[in-house]
Every structure is written in structure tokens, then in C-alpha cells.
Novice: 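Structure in C-alpha cells, see below.
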Protein chains: 2
Amino acid sequence: MTDDERIDQFDRKILSLLQADGRLTNNDLSERVNLSPSQCSRRRQRLEEEGFIRGYRAVLDRDRLGFSLVNVISVTLATHNRDNARNFAELLSRLPEVQEAHALTGEMDYILKVVTPDLKSLSDFVNGVLLPHDSVQHVKTAIVLETLKETSALPL
Amino acid sequence: MTDDERIDQFDRKILSLLQADGRLTNNDLSERVNLSPSQCSRRRQRLEEEGFIRGYRAVLDRDRLGFSLVNVISVTLATHNRDNARNFAELLSRLPEVQEAHALTGEMDYILKVVTPDLKSLSDFVNGVLLPHDSVQHVKTAIVLETLKETSALPL
DNA sequence: ACTGAAACTTCTGACGT
DNA sequence: ACGTCAGAAGTTTCAGT
């Protein structure tokens, strides 16, 4: 990490405010962090260029857009060699209903977070796409009854 | 659902583009959906007001900001009455390292996604905060070895 | 490094179709 | 419901401290 890739308290505050509201203007930012708008603009540009800010996203309402089901699916791979893992990763990258995929320590190989409109499309996904794939040996599906919290904000 | 809360193909396209890039200008939007800028502005405003768009967020780089560990924690509650569930929910709302919390069907009561800077702070969180709480009976911690995919985008 | 002002881009609301 | 246009707002660059 080179010296100019450090962040100070102003940067932290800017990041913190932007992850709460990605549309804050430089004017608004400047009032809250006590810097001039131009300085906020420059700092934000730096934070974007150096990769601290990966991007900006609109967060949509799942229910209102018809994705009523959230599912947590545990996956065990057929074999544990590198090729198989790559095949599985390639499969996931093509499946838009998979929002998250993490390789875990412990019994299960992978845990997926999947959104679907209803039980039929969940079943189609599990039995029609995931299970038939060569890389996959076993899956265990759990349905989310209630989401208490859901954010991508880091505790800065 | 009233009639004016429906969305058409233009709206879908706008939502889809904005969840990929929340900073798209109306000009850019208008070119990609083949509408005038003012029309995009109006539609976007409607989508925001009617709650299809819940907000805009900057997505930060976890690793660069020092949160190297992602953890998946399964929680079993001490008792399954409503008061206990409410106590647990209240606890979670005060813990910024918890990014997600879902109540599940199956053996486990809840699954949490938690980010921490290192193993010590993970241990502090599990043994110092989660386990001592009255509402909690048992937790099982798994560490994420690799994240293959992570998005909040809906498959519109 | 920061500020302030000027040049530029984007937004938005009134109006016409 | 949509597009055009002009006034308002926001962004960014640059000279100055």
C-alpha cells in the first residue's frame, strides 16, 4: 500500500455518507464533512479511482418487483479438484437469480443466496439447473421466512 | 395494487440500468431506453416515490477498507416465543457488523452474514456479544474462504 | 492542501403536440 | 403520454492563498 492510497478521517466520513446515500451532492457532502464542495469532488474522485468506491447502485424493492422468495442453498460439489470448482463458478456467473455465492469452512462447500418469484421457479432452479450440473453433488434448500436486516454497508 | 403502480418495459429498463449504475444521468438513461431526458426524470421520480427504488448506495471495497473476514453464522434461539425473537431482532439492529440476518426454515433459526477486520474481532463478536445475549442459545460460525459472487441486483 | 469563482454539464418544470 | 426548451441546480477545473 503506497502512501497516497491512505485515507484520513475526511475520506472515511465521505465514504460513510455515500454508502448511506449514493446520490449525495458535493454540496451536501461539503456541509456534512466541513470541506468545500470542490474538495469533496476531488476526494471522491480519488476514492473512486483508487478503488475504495467500487460503484453506485440503485437498491430496488424485491417484493414490489415480484421476487417474493429468498432462499439459502447449501451446495456440496461432486469432486474437489480445481476444474470442478471452476466449472461451478462459471455456472454461477451465468445465473442472475444467484445474488451471493460463498465458499465456506466446515461441512458445506458453498452457500448461495438466491431470489425467485415463487416456489415453482425455485424448484425449477434447484432441480432443473443446479442439481443436473456435473459439478454439483448435493444441495440443501432453506427458505427465508423473514429478513431482519439486509445491507451492504461496512461498519466504518 | 392500484393501476398507476404498474410498471412497463421502459420502467423495467430504467430500473435495470440504475441497479447496475446508480449514477447514470438522465441523458444517458434517455439514450439507452429511447425516451427524452425529461421523461426519464419523471419516470424515475415516480419509481422512487412509489417505492420501487428504495435508495442509492455507494458500494465500497471491503478488503481495501480492512474488513478481510466475511462470516456466516447460524444462530439457534434460546426459546421460540415472540418476546425472545423481538429481543434478538433488537440486538441485531444495534450491531453494524451484521450485514444480513434471515430467519430460515429447517434446523437453524437464523443465519447471519457478518464482516470483521480479523479473527480476534470475530471472536469478540461471537463470544463477547452474540453468545452472552439472553435470546441466544447456540451459534455455529463458518468463515468465508472465497466469495464467487455478491450483488444485490434483481434478475429483471 | 484547501478555497472560491467561473465554465460546463445535468436536471426539471412549463408548455406545446 | 411524450418531446422541446429554458431557467435552476450541481459539478469540476483552475487560479490564488
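Proteins get letters first, then strands, A, B, ... in listed order; numbering begins at 1 in each. Hydrogens, waters and symmetry mates play no part in the numbers below; they use all other heavy atoms, side chains included.
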Novice: Show the atom names and distances, to 0.1 Å, of all donor-acceptor pairs under 3.5 Å that link a side chain in residues 144-151 of chain A to residues at least two apart or in another chain.
Specialist:
unit_1, atom_1, unit_2, atom_2, d
A/Thr147, OG1, B/His102, ND1, 2.9
A/Lys149, NZ, B/Leu92, O, 2.8
A/Lys149, NZ, B/Leu95, O, 2.7
A/Lys149, NZ, B/Val98, O, 3.4
A/Glu150, OE1, A/Arg62, NH1, 3.3
A/Glu150, OE1, A/Arg62, NH2, 2.9
A/Glu150, OE2, A/Arg62, NH1, 3.1
A/Glu150, OE2, A/Lys113, NZ, 2.5
A/Thr151, OG1, A/Ala153, N, 3.0

Novice: Rounding to an integer number of Å, can you tell me how far B/Arg46 CZ sits from C/dC11 P?
Specialist: 19 Å

Novice: State which residues pass side-chain hydrogen bond (donor to acceptor under 3.5 Å, both in side chains) with B/Glu90; sequence neighbours excluded, sorted by chain then number.
Specialist: B/Arg94

Novice: Which donor-acceptor pairs under 3.5 Å do side chains of residues 31-42 of chain A form with protein atoms, sequence neighbours excluded?
Specialist:
unit_1, atom_1, unit_2, atom_2, d
A/Ser36, OG, A/Ser38, OG, 3.2
A/Ser36, OG, A/Gln39, N, 3.3

Novice: When you check every protein heavy atom under 4.0 Å of nucleotides 6-17 of chain D, what one-letter string (B, S, -) results, 5' to 3'?
Specialist: ----SBBB----

Novice: Between B/Asn34 (CG) and D/dA1 (C1'), how many Å, whole number?
Specialist: 16 Å

Novice: What residues form a side-chain hydrogen bond (donor to acceptor under 3.5 Å, both in side chains) with B/Ser30, not counting sequence neighbours?
Specialist: none

Novice: Just to verify, what does B/Asp118 make a side-chain hydrogen bond (donor to acceptor under 3.5 Å, both in side chains) with, not counting sequence neighbours?
Specialist: B/Ser121

Novice: Please collect all ring-ring contact (aromatic ring centres under 6.0 Å, His included) contacts where either partner lies in residues 65-100 of chain B, sequence neighbours excluded, each pair once.
Specialist: B/Phe88-B/Tyr110

Novice: Any sub-3.5 Å donor-acceptor pair from A/Arg44's side-chain atoms to A/Ile53's backbone N or O?
Specialist: no

Novice: With sequence neighbours left out, what residues match B/Thr105 under side-chain hydrogen bond (donor to acceptor under 3.5 Å, both in side chains)?
Specialist: none

Novice: Atom CD of A/Glu31 to atom C1' of C/dG4: distance rounded to whole Å?
Specialist: 16 Å

Novice: Rounding to 10 degrees, work out the angle separating the end axes of the helix from C/dA1-D/dT17 to C/dT17-D/dA1 (five pairs an end).
Specialist: 20°

